[in-house]
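Worksheet: one structure, shown below.
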Amino acid sequence: MGESPDNQPPSVPQKKRGGIYGVIGFLLVAGIVTLLVMKYLDQGEETTREDKYTPPKHLIVISIDALRADHLGCYGYKEPTSPGIDTLAKDGVVFERHYTCYPLTLPSHLTQLTGVSTLGTRVRDNLYHELPAEIQTLPEVMKAQGFRTGGFVSAHTLHSGSGIERGFEVFDDKDVRTLEPGSLTIAERSAPQTLKLAGDWISSLGTDRFFCFIHLFDPHAPYEPHSENGDKFRGNNTARYDGEIAYTDAAISRFILRLDELGLKKDTLIVITADHGEGLGEHDELTHGYYCFDSTTHVPLIMHGVPGIKPGTRVGGIARNYDLAPTLVELMGLDAIAFGKQVHGVSLMPAMKDPDTDMGLSAYVESHYAWLNANWAKIRGLRTKDSLTLFAGDDVMYFTDDKQLQNTADKNATPVSEARSEINRLMSSWMPPRKGTGKVRETTAGTPYPGESAVAQDFEAEQLSDTRDLPSPHAKTKTLLAYEEAELEYDSEHFSACADMLRKLIADDPEFIMALKLLAAVDRGLVTNGFKELGVDKCRALTREAADCYAKAATLADKHKQPEAAKDIRRNEGLLLVWLNDKKAVRELADTTQDVAIDWMFHLVSYRTAGQAAMADATAEALAYFQKLPPGLPFGEQAKRDIAKMQASEPLNLAPWEQ
């Protein structure tokens with residue numbers, strides 16, 4: 001119990017102090033308080049100085065096509081494929097479990113540059129889809145904030161027109177924008193060529209801040225040997241694939257050295273990544289695009305020059321390619337509120353600061369490639385740190401082993417159900433910015449991927465079960481493997497061998513539309529490029545085979561409910577029938593399709609097959625029909641040239657062997 005005032009001891013008489021003593025006491029107290037406050041403020045300033053983040057001045061993103069993470073030394077590979085990249089990794093940050101959401105070139109790169117997965121962009125094809133205008137790109141953000149922006153690409157799959165070029169003041173695709181006349185395969189340029197162009201541009205910028213995006217294509221099939229590698233990396237596909245990585249790595253090392261000589265490396269955030277991996281025979285997949293196993297979705301992500309992050313940091317949690325753009329926004333100190341609202345990913349900065357803390361992310365993966373081109377089921381999946389779950393048709397797969405060889409879905413109902421729920425949640429929340437159907441961006445004329453179909457981009461709501469009634473690509477591995485083997489012969493320009501393999505494949509599976517279309521393209525290419533050696537009879541036989549393949553493929557496209565693809569295929573068929581002067585077949589095709597392009601082909605073949613006396617009537621009918629057509633048709637200018645020849649009674653030599 002406390003003491004009362006009445007019980008306090010007698011007070012000791014004290015001398016009252018006032019005046020100067022009061023002032024001194026006040027000053028002493030004020031001084032102590034001031035010292036404490038100043039000390040606190042000093043500590044605060046010191047803390048602020050420690051926490052203050054200064055972003056890098058420049059940004060370079062190098063994306064290496066078809067590069068598997070597990071074929072780099074910094075990811076544990078034993079072959080000496082990547083000493084230069086490994087050095088950057090040693091001094092930078094490595095994301096050990098980084099996944100692409102879609103194992104195809106254009107879709108993946110658009111996700112890298114927007115932070116929006118393919119659920120939102122709806123770009124699931126290299127040639128026929130394009131980025132919706134409503135989705136902003138990282139280059140657009142950076143250009144608006146004063147950065148110089150340059151993009152340098154190495155393959156036709158990233159040529160301008162898809163949206164990949166948006167925001168770049170310089171977008172260099174001039175060597176790969178169009179296909180080489182007479183060439184059946186994809187246009188590309190080497191890593192040293194592209195890196196030199198990028199380096200020249202960078203060196204011209206002076207002190208300006210810049211963002212440089214560089215795409216390198218060398219590890220993509222076909223795998224070419226390089227004399228620079230000496231006797232290393234010779235032999236099978238895997239060895240030659242490794243050789244392409246080593247060749248690319250050496251070119252990157254020279255590029256980094258040039259940056260250093262320019263005094264730019266120390267002020268630059270350098271990112272090494274990839275769009276997708278490569279099957280190399282795992283899961284009976286030689287290349288990529290068809291499946292969503294780690295062999296094609298696990299790709300590198302390495303960052304060098306991140307301020308305040310310990311060199312050699314390794315992040316073990318899941319990272320996704322749709323995390324790249326929001327991470328770069330934070331690292332580069334950008335003001336991007338609107339951009340941040342569109343992204344599906346998150347900044348990975350917390351994982352870099354504290355790599356022992358798992359951010360708890362999972363990666364959505366998908367492929368519609370087999371559905372678009374073969375009418376097989378779409379594949380959707382979820383990759384966590386410990387498992388991969390895949391859904392395709394009636395197939396349900398659940399893997400916990402590293403190589404995804406042991407499907408244990410029947411023993412893991414709960415995690416499979418959780419993955420299904422998460423995918424359904426993402427599909428309902430990550431919607432595209434519009435509804436409806438897009439236009440096919442290109443025709444298949446001259447395409448480097450003749451087995452693919454020109455299917456329009458779709459923006460409607462999707463369901464996990466929407467292709468459940470279609471066969472799973474996983475049930476078609478034998479067919480796909482045989483097709484990929486033929487496709488590699490095609491890529492290597494071994495066209496006769498490719499055609500023989502395709503004929504056998506079609507005999508085994510007559511409704512495999514990709515094989516029909518590729519055989520038609522190969523036959524047509526052989527005739528176009530080798531008619532002198534083949535002779536007229538062989539040319540006509542190959543042309544007839546190609547026309548028959550197109551006819552069967554168009555019927556299948558109708559069956560698959562792909563009207564744009566069917567229309568495009570029939571136009572190719574019609575042209576070959578004109579070469580063959582098969583007037584009856586062209587008339588039947590025109591009556592079936594009601595397509596003005598094929599109607600015009602009928603007038604061409606009518607003139608070509610008319611006798612001398614009937615040529616004037618055929619010319620008059622062709623001219624009258626053409627004058628009724630609306631302006632701006634794709635074949636309009638060529639039609640005018642053909643009419644001029646008709647009016648001059650000149651022959652229309654359209655077939656290659658007639659040249």
Side-chain angles (χ1 to χ4, degrees), residues 44-63 88-89 91-95 98 109-116 135-151 166-170 198 201-202 205-214 256 259-260 262-273 301-313 315 319-355 357 359 361:
E45 288 179 7
E46 193 173 301
T47 303
T48 303
R49 284 195 298 269
E50 290 175 354
D51 291 345
K52 186 178 180 181
Y53 177 80
T54 302
K57 185 175 182 180
H58 313 297
L59 171 62
I60 296 174
V61 174
I62 301 176
S63 185
L88 290 174
D91 296 333
V93 182
V94 174
F95 293 85
H98 175 247
H109 280 108
L110 289 175
T111 292
Q112 286 179 12
L113 294 177
T114 62
V116 180
I135 296 177
Q136 196 175 21
T137 70
L138 181 63
E140 288 175 319
V141 172
M142 297 188 75
K143 184 179 181 181
Q145 295 183 36
F147 284 80
R148 307 290 297 276
T149 54
R166 280 174 28 197
F168 289 111
E169 64 175 88
V170 172
W201 176 75
I202 289 171
L205 299 179
T207 60
D208 293 350
R209 297 187 78 184
F210 66 80
F211 167 37
C212 184
F213 170 75
I214 303 169
I256 299 298
L259 284 180
D260 208 9
L262 291 170
L264 296 172
K265 182 183 175 184
K266 66 182 186 304
D267 297 322
T268 302
L269 173 61
I270 302 171
V271 178
I272 304 289
T273 190
L301 179 59
I302 299 160
M303 297 188 181
H304 180 277
V306 182
I309 302 300
K310 181 181 178 182
T313 294
V315 177
R320 300 80 54 92
N321 67 335
Y322 43 91
D323 295 324
L324 180 59
T327 301
L328 296 178
V329 164
E330 180 172 0
L331 292 179
M332 298 305 295
L334 303 179
D335 180 10
I337 295 175
F339 185 82
K341 292 179 180 178
Q342 79 178 17
V343 300
H344 293 168
V346 297
S347 172
L348 298 171
M349 192 64 167
M352 288 187 272
K353 289 181 176 179
D354 185 6
T357 299
M359 293 180 66
L361 303 177

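Every value quoted in this text rests on a predicted model; they were computed, and no experiment measured them.
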Please check: side-chain N/O of Glu330 versus main-chain N/O of Thr327, any donor-acceptor pairing under 3.5 Å?
no
Find the distance between CG (Leu59) and CG (Leu328) and round it off to the nearest 0.5 Å.
5.5 Å
Main chain of Pro56, side chain of Arg209: is a donor-acceptor contact present, judged purely on distance under 3.5 Å?
yes
Could you measure the distance from the CG atom of Leu269 to the CD1 atom of Ile60? Nearest 0.5 Å is fine.
9.0 Å
Intermediate values then yes/no, side-chain contact (heavy atoms from CB on, under 4.5 Å), Tyr322 and Gln112:
CA-CA 6 Å; Tyr322 43 91; Gln112 286 179 12; over 6 Å; no
Aromatic plane relationship, Phe210 with His58 - under 30° parallel, 30 to 60° tilted, over 60° perpendicular:
parallel
Looking at side-chain heavy atoms only, is the closest gap between Leu334 and Phe147 below 4.5 Å?
yes
Counting N and O atoms only, with roles assigned by atom type, does the side chain of Asp323 sit under 3.5 Å from a partner on the main chain of Val346, one being a donor and the other an acceptor?
yes
N/O donor-acceptor pair under 3.5 Å between Gln342 side chain and Gln136 backbone:
yes
Between CD1 of Ile62 and NE2 of His304, what distance do you get to the nearest 0.5 Å?
11.5 Å
Looking at every non-hydrogen atom in both residues, tell me the closest pair between Gly151 and Phe168 and how far apart they are.
N-CD2, 3.4 Å
Answer yes or no: is there a donor N or O on one side and an acceptor on the other, between the side chain of Thr149 and the main chain of Lys143, under 3.5 Å?
no
Verify, without hydrogens or angle tests, whether Gln145 (side chain) and Asp335 (backbone) share a donor-acceptor contact under 3.5 angstrom.
yes
Rounded distance [0.5 Å steps], CG in Leu301 versus OG1 in Thr273
5.0 Å
Heavy-atom donor-acceptor pair, Thr268 side chain to Ile270 backbone, under 3.5 Å:
no
Test side-chain contact (heavy atoms from CB on, under 4.5 Å) on Met303 and Met352; report intermediate values, then the result.
CA-CA 10 Å; Met303 297 188 181; Met352 288 187 272; 4.2 Å; yes
Could you pull out the closest heavy-atom pair between Phe211 and Leu113, with the gap in Å?
CZ-CD2, 4.2 Å
Would the distance check show the side chain of Tyr53 and the main-chain N or O of Leu331 forming a donor-acceptor pair, the cut-off being under 3.5 Å?
yes
Closest approach of Gly333 and Pro55, non-hydrogen atoms and distance?
N-CB, 3.9 Å
Please check this pair: side chain of Asp267 against backbone of Leu264, looking for a donor-acceptor N/O pair closer than 3.5 Å.
no
Determine yes or no for a side-chain-to-main-chain donor-acceptor pair under 3.5 angstrom, with Lys57 supplying the side chain and Asp208 the backbone.
no
Smallest separation among heavy atoms of Gly167 and Glu140, with atom names
CA-CG, 3.6 Å
Is the shortest side-chain heavy-atom distance between Val94 and Val315 below 4.5 Å?
no
Closest contact, heavy atoms only, Ile302 versus Ala89
CG2-CA, 3.8 Å
If you define the side chain from C-beta out and look only at heavy atoms, does anything of Met359 sit under 4.5 Å from Leu348?
yes
Spacing of Met332 atom CE and Leu138 atom CG [to the nearest 0.5 Å]:
9.0 Å
Which heavy atom of Arg320 sits nearest a heavy atom of Gly345, and at what distance?
NH2-CA, 3.9 Å
Would you give the length of the straight line joining atom CZ of Phe95 to atom OG1 of Thr313, rounded to the nearest 0.5 angstrom?
9.0 Å
